[in-house]
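Bear in mind that the values here come from a model prediction, so they are computed numbers and not experimental data.
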Amino acid sequence: MVKHITKTNEILLGLVAELKKTGTAKKAKIWKAVASELLKPTRRMREVNLEKIDRVTKANDTIVVPGKVLGKGNLNHKVNVAAFNFSESARAKIGSPMTIHELMKKNPKGTGVKIIG
């Protein structure tokens, strides 16, 4: 029998509701995809190191991580990074990280945004 557990983090649930609402209103599938990724079980939540972000992006790319950004590695070019959570070392190395909510407000249609995981 599969045990069904629901998320209890009010901040996360509010963000997911806002992502779904914006995705529907602006016809932006990326925000709906990010919302579904955030609702996955905690064990399957994405964790991405800076070295992977550096490897798969180009200068001035905008990416979203539906999970946590970790501080292993360095960024050799400027990248706009938005995530649900950041480690302290990743926050220091990125400089000006954004939350997913800030990125959604800045770019409601989600044009040019990539999901990394």
Supply the atom-to-atom distance L15 CG to L39 CG, rounded to the nearest 0.5 angstrom. 9.5 Å
Return the minimal non-hydrogen interatomic distance between V69 and A83, and the atom names on each side. CG2-CB, 3.6 Å
Donor-acceptor contact present, side-chain H77 to main-chain D61, <3.5 Å: no
Using a strict threshold of under 4.0 Å (side-chain N to carboxylate O), is an ion pair present between E37 and K40? yes
Please report the shortest heavy-atom distance between L50 and A90, naming the atom on each side. CD1-CA, 4.1 Å
So do N107 and T62 actually touch side chain to side chain, heavy atoms under 4.5 Å? no
With clusters defined by side-chain heavy atoms of hydrophobic residues (ILVMFWY) lying less than 4.5 Å apart, directly or transitively, does M98 cluster with I30? yes
Single-linkage hydrophobic cluster L75~V65, side-chain heavy atoms < 4.5 angstrom: yes
I'd like to check L19 versus L38 (side-chain heavy atoms, cut-off strictly below 4.5 Å). Are they in contact? yes
In this structure, are over 12 heavy atoms from other groups packed under 6.0 Å from K20 atom NZ? no
Can you tell me if K93 uses its side chain to pair, donor with acceptor, with the backbone of K72 under 3.5 Å? no
I need the minimum non-hydrogen distance between P108 and W31, along with the two atoms involved. O-NE1, 2.9 Å
Same cluster or not: F86 versus I116, using hydrophobic residues (I, L, V, M, F, W, Y) connected whenever any side-chain heavy atoms lie under 4.5 Å apart? yes
Between NZ on residue K106 and CE on residue M104, distance to nearest 0.5 Å: 14.0 Å
Using side-chain heavy atoms (C-beta onward) and a distance below 4.5 Å, is N80 in contact with K78? yes
Find out if a path of hydrophobic residues (ILVMFWY) with successive side-chain heavy-atom gaps under 4.5 Å connects I115 to M45. no
NZ/K114: more than 12 non-hydrogen atoms of other groups inside 6.0 Å: yes
If you measure from the Lys or Arg side-chain nitrogens to the Asp or Glu carboxylate oxygens, is any gap between K105 and E18 under 4.0 Å? yes
Is V48 reachable from L70 through a run of I, L, V, M, F, W or Y residues, each pair having side-chain heavy atoms under 4.5 Å apart? no
Does a side-chain heavy-atom distance below 4.5 Å link T42 with K7? yes
Side chains of P66 and V34, heavy atoms from C-beta outward: is any pair under 4.5 Å? yes
Check whether K109 reaches the backbone of K27 with its side chain - one donor and one acceptor, N or O, closer than 3.5 Å. no
What's the shortest heavy-atom distance between G71 and N49, and which atoms? N-OD1, 4.3 Å
Residues L103 and I63: closest non-hydrogen pair is CD2-O, 4.2 Å
